[in-house]
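Reviewing the structure listed below.
Computed from a predicted model, the values in this text were never measured in an experiment. For reference, positions follow the sequence shown, starting with 1. Every number for a ligand or one of its atoms is a count from 1 in the order of the listing.
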Amino acid sequence: MSDARSEAPMLSVEDLSVVFRTDKERVHALDGVNFDIREGETVGLVGESGSGKSVTARSILGLINDPGRIESGAIRFRGRDLTDVGWTDARGDIAIVFQDPSGSLNPVYTVGNQIREALKIHRGLTGRAAREEAIRLLESVGIPDAPGRVNAYPNEFSGGMRQRAVIATALACDPDLLVCDEPTTALDVTIQAQILDLLDDLQRESGLSILFITHDMGVVSTVADRVNVMYAGEIVERAPADRLFSDPAHPYTRGLLASIPSVGARGDRLLTIDGEVPTPNEAPTACRFAPRCPKAFEACDHVHPKHVDQGGGQSAACLLFEEEHTTPVTPETGRPGVADTHSAAETDGGTE
Ligand code: ADP
Ligand code: MG
């Protein structure tokens, strides 16, 4: 965890929309997603399963393939839009750690072999230099007896050790940005805490920026400097982490927080949000959370909410904060009054 160190973001995702076309449907996996990551910062991306977190991660790495396509928007890394210039030059600068460590390591090669392969591709290291660096990397991620373990196969490692090895492999390309897509979800709680500590240490030592993706509000609260809350392909709230947890604005964020016992206990009662994340087939014309929202009112079914600045780096896309929709209906027109409230609203893309 760190303070933001420089003003210009290292990465900015701008109005990103990704669509998957299948024979039957067009799935709007991402619709107008905006967020950024500064140097040395850990940014959280949190939301339930199916909300578009992995599609966001894969987009940043340039891994969206048929039938998926980046329809619009930009992914600016150090000022260059990767959707325009391509990912080749950035390949060694951005690395990803996936949820399942077994899927990320090839069972037929030793762990050391796989790290050396990455060292060869990204840093041109071979032979003894590569072997020594592989051992150093394994040590840096806390693998005991690294010189002895470097020749072990992935199945000789425990789950937690395997995820450490995956992180070592990701670090082999000496990235500036590490995208962690649910890196601890497959691990038990104790091991999870160790991996989170490891990422924190690595960041402190190297100034690495991290995009930390999880469905777990408890986890994101321990790792992130700033958090983006994602729902059905959109960012619905963003805030500095402490602010998000002390004063959540969006009803979805409130629901997510209330559903974790440790944080919910501080609030009123323990709730869970009924229902599931929808799979959107078109660009948003309403609030996608409305069908599950305890605060929903009539306008939520036909107006797409924009981000409204809440001060202190927090914003939420919810009509509760767009005054024109919450003021009483005027008798003459039968429509909500007070139209001039958009000055306070920070527009957050969307495709309307
Ligand atoms: P999360 O990681 O938040 O659980 P994903 O980013 O994996 O969610 O997926 C978001 C949505 O994108 C899914 O609900 C799914 O409908 C759609 N999607 C992802 N990958 C594909 C694919 N290969 N083909 C069709 N739809 C996909
Ligand atoms: Mg995912």
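Of the protein's heavy atoms, Gly50 O, 3.5 Å lies nearest to atom 14 (O) of ligand 1. Among protein heavy atoms, atom 15 (C) of ligand 1 sits closest to Val27 CG1, 4.4 Å.
Set against the non-hydrogen atoms of Ala29, the atoms of ligand 1 under 4.0 Å away are 12 (O). Near Thr279, the atoms of ligand 1 lying under 4.0 angstrom from a non-hydrogen atom of the residue are 16 (O). The contact set between ligand 1 and Ser51, taken as ligand atoms under 4.0 Å from a residue heavy atom, comprises 1 (P), 3 (O), 8 (O).
The shortest heavy-atom distance from Gly52 to ligand 1 is under 4.0 Å. Using 4.0 Å as the threshold, Glu48 has a heavy atom nearer than that to some atom of ligand 1.
Between the side chains of Thr253 and Glu237, at least one donor N or O lies within less than 3.5 Å of an accepting N or O. Looking only at atom types and distance, the side chain of Thr42 has a donor-acceptor partner in the side chain of Gln203 under 3.5 Å away.
Ring planes of His250 and Phe289: tilted class, angle from 30 to 60°.
Distances from atom 9 (O) of ligand 1 to the heavy atoms of Val277, Asp66, Val55, Thr214 put Val55 nearest. In this structure, of Ser49, Ser59, Ser54, the residue bringing a heavy atom nearest to atom 7 (O) of ligand 1 is Ser54.
Taking all atoms of both residues into account, the shortest heavy-atom contact from Ile60 to Leu11 is CD1-CD2, 3.8 Å.
Using a 4.0 Å cut-off between charged side-chain N and carboxylate O, Lys53 and Glu48 make no salt bridge. Using a 4.0 Å cut-off between charged nitrogen and carboxylate oxygen, Asp36 and Arg226 count as a salt-bridge pair. Salt-bridge annotation for Arg80 and Asp89: present, with a side-chain N of the basic residue lying under 4.0 Å from a carboxylate O of the acidic one.
Of all the heavy atoms of His215, none lies under 4.0 Å from any atom of ligand 1, so neither backbone nor side chain is involved.
By the criterion of side-chain heavy atoms lying less than 4.5 angstrom apart, applied directly or through intervening Ile, Leu, Val, Met, Phe, Trp or Tyr residues, Ile235 is not grouped with Val19; the two fall into different hydrophobic clusters.
Note that the CD atom of Glu133 and the CD1 atom of Ile115 stand 9.5 Å from one another [nearest 0.5 Å].
At under 3.5 Å, not a single nitrogen or oxygen of Phe20, backbone or side chain, sits near a nitrogen or oxygen of ligand 1. For ligand 1, the polar-atom distance check finds an N/O of Lys53 within less than 3.5 Å of one of the ligand's N/O atoms.
Inclusion of Ser54 in the first shell of the Mg ion (ligand 2) is supported: an N, O or S atom falls under 2.8 Å.
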